[in-house]
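Data first, discussion second: the structure below is written as structure tokens.
Worth saying up front: this structure is predicted, and the values here are computed from it rather than measured. In this chain, numbering begins with 1 at the start of the sequence shown.
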Amino acid sequence: MSSEHADVVVVGSGFGGSVAAYRLAEAGLSVVLLERGQDYPPGTFARTPAQMSRAFWDPGEGLYGLYDVWGFRGFDSVVSSGLGGGSLIYANVLLRKDEEWFVKDQALPGGGCETWPVSRAELDPHYDAVEGMLGGTPYPLDHPAFANTAKAHAMQDAAAELGLDWQLPSLAVSFAPTPGAEPGLGLPIAEPRFGNLHGVERRTCRLCGECYLGCNDGAKNSLDHTYLSAARHHGADLRTLHEVRGIRPRPEGGYEVDYVRHDPLTKDRGPEPGTISCDRLVLAAGAYGTTYLLLRDRERFPGLSDALGTRFTGNGDLLTFLLRATDRDRIRPLDASRGPTITSAIRLPDEVDGVPGAGRGAYIEDGGYPNFVGWMVEQADVAHEISRVVRLIFERFVSFISHAPDTNLSGELSQLIGDGALSVSSLPLLGMGRDVPDGVLRLRDGRLDADWTTKTSEEYFMRLRSTMKRIAAVLGATYADNPMWFRKRIITVHPGGGAPMGRTPAEGVCDPFGEVHGFPGLYIADGAALPGAVGPNPSLTIAALSDRMCTRLLENAGRAHGTRPVGGAVNGTASAPQVGRGAAELTSLSFTEEMKGFYAEGEHAPGAGEQAGRQHGDRLGFRLTITVDDVNRFLEEPEHTARAEGWIDAAVCGGRCQIQRGWFNLFCPGSAPDRKLMRYRLHFTDSTGRPRTLSGWKDIRHRAATRVWPDTTTLFFRVFEGHVMEDEEDGAAIAGAGILRLGLDDFARQLTTFRTEGPDGLAALERFGHFFLSELWDVYRPKMLNGHARDTGDHVQTAAGVEAVAQSQATANLEVVAGLQAAVEAQAAAGLHAAADLKSAADGLQAAAGFDAVAVPEIAADSGAGAAGLQADVEAQAATDSEAAAAGNEPSPA
């Protein structure tokens, strides 16, 4: 057991990890960040061939450098190893994911769908925050010192001739000594308020084109100069050369992290091991590192989503070259080495933008001359030197035919790099976009392997190459593919997926806020959480998602030791965090509910809103996944609060709107002892960017048993302007109101969606069913049998009437039992629990419904007639409720 403990441990210092370290340290939490690589102050990045040959990460070969090169059967990939992660070698581009590219349920060729459970509107505030910290600004092409940048003008000319959109994207580069000051070359940069962890003077961009190699001037606003410096200023402990080797939940709650500490000077003694524990663990080791850790330690996390390893994408990366390109006047060779690596971008539209037949969208950006890819340009341009890559390609071919992945090419490239210089007239083109995210990462003989090729994305790549060839023609250049393209291989610097986010465990490993389903306090904050390709450069989106994750985490700051205080504060009864139960001991339950109805803006009463909405055809519906993270705690707390995730669909709100935060309360206390409520509070943003809140309730009160169906399937609701909590409703503006209903067919589907995760799945489902049915029986039991006076709203109950009511309720309860039992059977069939437990669970559900072994068959025999009667009752009661509600005689949530 480790004696060292922190509130938060962050694994990795890339765009997700650095943002998390800063946000959480700033909030006063103790944060320890573990980064496997070294720190790189300005002036320490490799430049000479000898230095470059050692600039790779492969500790087994005694290499502790910046570049980590992975080789798989269908592609190769380059990521970074150093304090600041990918920001040390990326091209500074800060582009937001296009609004329409946040696709929902887009079918994939091999089955399944790509779904982004977050919207552009939800991310925009976090995009703003990240751009502000990284000092994003477009390349100052109109300023005299920067105007003579031939590649930017050439791209602009090509886009104009081809009728494509061209832009100067925001870059995380300091072109001026302070924000808003006059740009200039090589000027001293003023230190930010939080200082700089390197303590080395930085200077503005000199247009050397070496961004991919690491900026020796410090002009690049990489994460070490921004988020990590700010994190250390607020007390974060940043530890370099600490490589995480294992993670696991703690029995008493929280997580433990095993690591080794590398010391390049004493490598003969081997790395030194260590362990640290934490209340919250943020995995930000990159798509490969995070997925590998979860795959390797999967047995320590029972119930982890089957989505682990899926949705891998290379973000559509494609590197090609334009050889012998000339400037815009076709006079001088185009000098692509002047400027930062990327200055401008051309956007190719996507069919989801409303362009029929366009296919998947992409961006094409001009490149510079990083020596990191120089060997490829040399081979594309100078045929007689092709022998320098023969060894690499031969070994790649052997790997290909043997199906034996070599997932670390760093040692090979260390020997491969030569001392040649790039041709001054070669312009690299960098393509990226929405490739098909159907790759799978898995372990093979203990090493990470990837099942992904360009085959399913071939149409996308062909379109990208075709456009690049057209650009070459405009610039009078010769088009050249990446030397590896003849094998349909690509090199990606933007790997994503492997632990994708999703609304439910069936859809993703983590929820839309990065928290792993079933393991409270465990977060994924890097590219592994992406459910598909971002399209443009993904760094900004990864950082924005991490910032959003931290906002949610800090809003729930009462959570401790890996447990979730399930939202009691929503209804003004905040709960103390439960300590002493680890995530592995928790059993969660989820189900999906879909309701439909009518809504009218401008109405304050749900009944009037339903009536007006019906007259004008204004429908509203939602699909929610209700998740109970800890069934025991859920049943113990009086508010019975769970998470609600999904979407609201209404034409008056602009179509389908993702729920940003949602709560569901089951049988929470009402305004009277004999009244209970099912409450819904859903925060969303409509298509015009207006934040809104759907506040709804189902009214469960002590009255005739014939009310059990309409009361539990009718949702009265109001929509408020803004994101409103319960105690804020009195002063909040009401945007509209209406009523939603659950149909019998929707109810039947709902019963098939019950899922559990954790060690006591069947028992948890039984306890939930017992609670649900016993609560209904307690409220709706026939009053004459209990000696209660008849309410004025009750039907006259003769002895025969009581018997009919009892049988009607028994029939309805039997439907619930049958449905929950079907859910149990489905789980048993899936192998989640022993099938031998099925009978005891079903028996428990029947007992919860108030049946005995003799009565059940008799009721079942009449179930067909009972269902038909129930359908007629539903229709009649709905009509009665609508008339009463329209007249103002509807229940209040108070």
Side-chain angles (χ1 to χ4, degrees), residues 13-15 18 35 37-48 51-52 55-56 65-68 78-94 130-131 133-140 145-146 149 151 169-179 183-192 195-230 240 336-343 365-374 422 428 430 493 537 539-540 543:
S13 64
F15 284 95
S18 292
E35 165 57 49
Q38 306 180 59
D39 62 329
Y40 290 91
T44 63
F45 292 100
R47 285 297 183 270
T48 68
Q51 291 173 338
M52 286 296 297
F56 294 90
L66 184 59
Y67 305 108
D68 190 10
V78 182
V79 295
S80 176
S81 177
L83 188 65
S87 75
L88 300 176
I89 62 172
Y90 85 138
N92 320 301
V93 177
L94 304 178
V130 175
E131 286 182 339
M133 177 64 90
L134 295 180
T137 182
Y139 185 67
F146 302 86
T149 306
K151 62 179 182 177
S170 183
L171 303 178
V173 176
S174 290
F175 299 108
T178 59
L185 306 180
L187 303 176
I189 297 174
E191 292 291 351
N196 192 290
L197 62 84
H198 296 304
V200 177
E201 182 183 62
R202 302 170 60 205
R203 291 186 172 272
T204 59
C205 182
R206 294 186 297 106
L207 310 184
C208 63
E210 297 178 351
C211 305
Y212 270 138
L213 298 172
C215 182
N216 272 332
D217 294 307
K220 190 177 193 177
N221 300 329
S222 49
L223 295 167
D224 51 335
H225 297 310
T226 53
Y227 276 103
L228 291 170
S229 289
T240 56
S337 65
R338 179 177 174 80
T341 297
I342 292 173
T343 61
E365 299 167 354
D366 56 72
Y369 290 160
N371 289 337
F372 157 58
V373 293
L422 294 173
L430 308 171
V493 294
N537 314 65
S539 52
L540 179 62

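Legend: residues meeting salt bridge (Lys or Arg N to Asp or Glu O under 4.0 Å) with E191, ordered by chain and number and at least two apart, are absent. With sequence neighbours left out, T204 forms a side chain to side chain donor-acceptor pair (under 3.5 Å) with no residue at all. For Y40, the ring-ring contact (aromatic ring centres under 6.0 Å, His included) test picks out F45, with sequence neighbours left out. Under the side chain to side chain donor-acceptor pair (under 3.5 Å) criterion, N196 pairs with H225, not counting sequence neighbours. D217 pairs by the side chain to side chain donor-acceptor pair (under 3.5 Å) definition with R206, not counting sequence neighbours.
Proximity of the aromatic rings of Y227 and F15 is defined here by a centroid distance below 6.0 angstrom, and this criterion is not met.
Remark: L187 CG to R203 CZ distance equals 7.5 Å, nearest 0.5 Å. A distance of 10.5 Å separates CD in E131 from OG1 in T137, rounded to the nearest 0.5 Å. The OG atom of S337 sits 9.5 Å away from atom CD of E210, with the distance rounded to the nearest 0.5 Å. With rounding to the nearest 0.5 angstrom, the OG1 atom of T44 is 6.5 Å from the CG atom of N216. Separation of atoms CG (L430) and OG1 (T341) is listed at 8.5 Å; rounding is to 0.5 Å.
Remark: the backbone N or O of C211 is paired with a side-chain donor or acceptor of K220 at under 3.5 angstrom. Without hydrogens or angle criteria, S229 side chain to D224 main chain gives a donor-acceptor distance under 3.5 Å.
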Distance-only donor-acceptor hits, side chain of residues 82-92, under 3.5 Å, sequence neighbours excluded:
residue: S87; atom: OG; partner: G84; partner atom: O; Å: 2.6
residue: S87; atom: OG; partner: L223; partner atom: N; Å: 3.0

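Between C205 and L185, every side-chain heavy-atom pair lies at or beyond the 4.5 Å cut-off.
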